[in-house]
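Just so it is clear, the values below take in all heavy atoms, side chains as well, and ignore hydrogens, waters and symmetry mates.
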Amino acid sequence: MPQTEAPVSPSPHPNPPRATARLQLHAGFPFAEAARQIDYYAALGVSHLYLSPIFSARPGSTHGYDVTDFGTINPELGGEEGFRAFASQAQAAGLGLIIDIVPNHMAANAAHNGWWRDVLARGAESPYADHFDIDWHSPDPDLHGKVLLPILGRPYWETLSSGDITVARDDARGQFTLRYGDHDLPLSEDSIAATEISPATFDARDPAGLARLHELLEQQHYRLAWWRTAAEELNWRRFFEVSELVGVRVEEPPVFDAVHALVLRLMREGWIDGVRVDHVDGLADPGTYCQQLRAHLTAAAAERPVARALTQPWIVVEKILAEQETLRAEWQVDGTTGYDFMNEVGALLHDGAGEAALDTLWHAVTGERPDYAAMVREARRYLLERHLVAEYEGLCRRLHACAREEPATRDLTLASLRRAVAGLMEPLDVYRTYLSERSWSREDKLILEAAAESARVTIAPDEPDALDQLVNWLRAGPHTSPSLRDVRARAQQLMPPLAAKASEDTVFYRYGRLLSRNEVGSYPATLAMQPERFHARMAARAQAYPRAMLATATHDHKRGEDTRMRLAVLSELAEEWSGVVHEWEQRCTPRFAERQAPDGADRLMLYQTLVGAWPPDLDPSDQAGVRAFLERVQAWQLKSIREGKRHGNWTHPDTAYEEACAAFVDGLAFACVEQDSAAGTADANGDAATPLAAIAGFARRIATAGAVNSLAQTLIELTAPGVPDRYQGTETWDFSLVDPDNRRPVDFEHLRRNLECTAGWDAWLDGWRDGRVKTQLIRRVLARRGEHEALFSEGAYRELRCESPLPGNVFAFERRRGAARAITVTARLCARYVSADSPRIATATWGDTTLNVGEAESGEWVETLTGRTVTAVDGRLRVADVLHTLPVALLMRA
């Protein structure tokens with residue numbers, strides 16, 4: 001019989017959020033389009049919609065992080081009028097709003113960023129000169145009082161001589177401006193007053209006009225430069241390596257006020273209930289910033305209309321935590337945005353027993369021994385020398401200036417300080433430290449000392465003085481000179497881009513033992529996490545950060561949550577995986593040996609990508625579908641090659657290697673068909689002759705086990721301590737790859753059909769490929785959270801244990817608040833027991849395995865997903881009864 005469930009009627013949304021849904025807003029999906037999905041999300045059961053940045057951004061922005069005006073709402077999204085209409089509709093449906101804010105940077109775009117344009121027009125005299133992190137006293141005499149603008153596609157004189165830079169009349173502004181491509185740059189008032197301005201005056205085709213144009217440019221408060229100069233000569237802080245984003249000095253009170261005026265007004269008026277802070281580690285002093293933000297938001301919330309009263313605004317920060325790192329309690333935030341949880345739940349569903357076989361396979365295919373830590377250290381040195389040169393050299397010059405201020409340190413050379421900085425930052429095992437005027441934690445000092453100990457092994461024996469002095473400067477007390485405070489801030493602001501670019505954006509594309517562990521917030525060298533450790537972390541989370549966000553997919557993930565869960569199966573079947581890879585290698589590599597591409601590392605990562613992301617409903621004989629899928633894979637492959645930086649990079653691509661790799665992908669599906677057919681070749685499963693068909697066959701072989709992992713991951717996320725977030729579209733299967741693949745348009749019609757279906761679990765399991773089973777799991781668990789809000793938001797966390805014969809294949813925990821109890825139960829590491837046709841595990845598999853629910857007496861429990869009642873005898877439940885229908889269960893007392 002079809003199973004139905006009465007919808008939960010809208011009610012005032014909770015404080016803090018019960019569950020969120022992340023939406024990526026842009027011109028193609030503005031407020032009006034998002035508003036059309038409000039009823040869907042209300043029916044799904046979330047309490048809040050969590051929006052990507054809504055501030056005015058660079059026209060055409062697909063993400064909103066390139067802010068041009070913090071004081072206005074993006075007109076491409078619908079402006080303030082569109083926002084208010086959207087927010088009103090959300091509130092009427094019982095949904096609150098969380099917004100993503102960007103305090104670290106803005107778009108360096110003179111045409112649309114008024115602050116930046118004024119700085120370019122007036123230089124250090126601009127009232128916004130101190131809003132941006134600009135070095136107005138650069139050691140380069142050509143940049144004294146100027147801003148380097150590395151926007152030219154060719155060297156400066158070549159560009160100037162070609163006539164690509166022109167002077168034009170801007171009628172809208174009533175002034176002359178400089179034009180280069182899409183760039184519209186202001187001219188300083190002094191240069192205009194001193195020169196007879198007309199476009200004909202600066203005609204580059206005339207030698208005299210070219211000279212006048214050059215002279216005019218020399219009078220500006222900026223210097224135009226070839227884009228390749230950015231890495232080494234930029235005199236302002238940027239976001240990572242992105243020279244289109246300029247760092248904002250939000251630590252200055254006037255800047256803080258200007259950046260947050262709109263946010264605080266929306267809080268005060270009752271339109272938003274909290275914020276997600278982007279890239280908090282990029283700030284000079286994250287801890288102080290978070291404390292200030294908490295104070296300002298709390299004060300604004302106190303002025304809200306009574307109907308929109310808020311006990312406490314919700315604040316979560318985008319922060320990567322290292323393996324043994326914890327979020328600082330003194331920051332006064334509710335937690336992180338969930339990368340740490342994404343790592344923990346992912347590791348829980350991997351099998352550590354497969355590590356040796358996976359290591360052996362990596363060595364056999366690549367010729368390398370997997371040493372992730374060594375690869376990260378190597379990547380950090382490379383980035384300091386080639387990609388983050390301006391930031392690195394700027395820090396070292398400031399350190400050298402500090403050394404010259406005191407007789408005791410004036411003999412420290414610039415070269416020795418360079419080596420000390422590199423030596424200290426290469427082994428640093430966190431994203432950054434937080435030493436400041438207000439923060440002097442023992443934890444930070446120990447982190448620095450541990451890094452220094454590692455550095456002393458690598459630096460020359462006669463050069464410890466520079467390293468010791470560097471550590472002393474960073475650890476110096478609060479009463480230090482302004483120059484030392486500046487150095488300390490800049491050193492710590494260099495740490496996050498170095499850490500992220502070295503790991504996530506370099507080594508994640510070099511080290512591919514198992515790509516499901518190469519995820520933002522994860523440490524790929526750690527393959528798996530034992531349940532006991534996961535339980536301990538969740539219990540600690542329930543105590544310290546019960547309101548932290550829980551994520552399993554984000555706009556920044558490297559692979560979709562279900563792609564990772566399918567790849568996790570390879571850790572259980574490592575020997576089998578190794579065998580099929582060797583078969584594919586024998587079939588594929590001889591055809592392309594003369595091209596030497598892809599190399600072993602890129603091939604092994606490609607095989608995993610094809611297996612992990614293969615759509616559940618794609619037949620290898622569907623050439624159009626296969627072509628569309630391979631186009632996505634080739635886009636991933638191109639990004640992987642360039643990010644890995646072993647065969648070229650984004651600025652110096654090795655196009656011959658890239659083209660050969662693309663041809664290899666095509667060859668898997670198309671180029672080999674005729675040859676294999678003539679030879680009568682078939683894969684191990686008897687499928688069609690192409691190598692891609694063999695890969696697809698193996699993907700189908702492990703797909704149902706991957707689906708079990710996905711359902712387990714989903715249930716754990718929805719019931720663990722914290723606020724679960726569903727990234728847009730992931731209520732169905734998410735087999736996406738890295739951006740922009742994970743930001744493709746969402747098929748909301750498909751999601752609605754899944755949500756509205758009443759066919760029942762048997763039908764949903766039989767038709768599992770369409771994702772209804774996942775959607776219905778999410779809907780039912782969110783309904784339970786709505787009915788028992790306090791239990792899931794405040795309840796304690798306790799590990800539950802199983803007893804033989806399969807205790808390691810069941811994972812369970814309890815949430816308890818007073819007499820209320822909820823028990824989460826999932827299958828774990830069950831690839832050998834799952835049906836080949838659907839994500840089912842036969843009840844006979846569990847035998848006499850029991851779950852100890854911690855009470856000696858008997859009692860009845862309701863498995864709330866299916867409505868079945870199960871009985872505990874002497875405090876134990878039979879797992880065969882609990883997981884009778886589904887490989888996951890949510891139990892509550894009858």
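Using cut-offs of 30° and 60° for the angle between ring planes, the Tyr41 and Phe748 rings count as perpendicular.
For His296 and Phe256, the gap between ring centers is short of 6.0 Å. In summary, the aromatic rings of Tyr289 and Trp331 are positioned with their centroids too far apart to meet the 6.0 Å limit. Checked against a 6.0 Å centroid threshold, the rings of Phe534 and Phe811 count as neighbours. In this structure, the ring of Trp116 has its center less than 6.0 angstrom from the ring center of Phe132. In this structure, the ring of His279 has its center less than 6.0 angstrom from the ring center of Phe240.
When all heavy atoms of Gln291 and Glu330 are compared, the closest pair comes out as NE2-O, 2.8 Å. Between Asp273 and Gly96, the closest heavy-atom pair is OD2-CA, 3.6 Å.
Applying the salt bridge (Lys or Arg N to Asp or Glu O under 4.0 Å) test to Asp747 and every residue at least two apart in sequence or in another chain returns nothing. Residues satisfying the salt bridge (Lys or Arg N to Asp or Glu O under 4.0 Å) test with Arg328, not counting sequence neighbours, are Glu443, Asp444.
Checked by atom type and distance alone, the side chain of Tyr431 never pairs as donor or acceptor with a backbone atom of Pro497 at under 3.5 Å. Between the side chain of Arg743 and the backbone N or O of Pro740 there is no donor-acceptor pair closer than 3.5 Å. Judged by distance alone, with hydrogens and angles left aside, the side-chain atoms of Thr68 form a donor-acceptor pair with the main-chain N or O of Ser56 at under 3.5 Å.
Residues Asp66 and Ser61 have side chains that bring a donor and an acceptor to within less than 3.5 angstrom of each other. If you check the side chains of Tyr339 and Glu344, you find no donor sitting under 3.5 Å from an acceptor. Side chain to side chain, Ser736 and Asp734 meet the donor-acceptor criterion of an N or O pair below 3.5 Å.
Between Lys558 and Glu519 there is no salt bridge, since no side-chain N of the basic residue sits under 4.0 Å from a carboxylate O of the acidic one. Remark: Arg294 engages Asp334 in a salt bridge, criterion side-chain N to carboxylate O under 4.0 Å. One finds a salt bridge joining Asp100 and Arg276 here, because a Lys/Arg side-chain nitrogen approaches an Asp/Glu carboxylate oxygen to under 4.0 Å.
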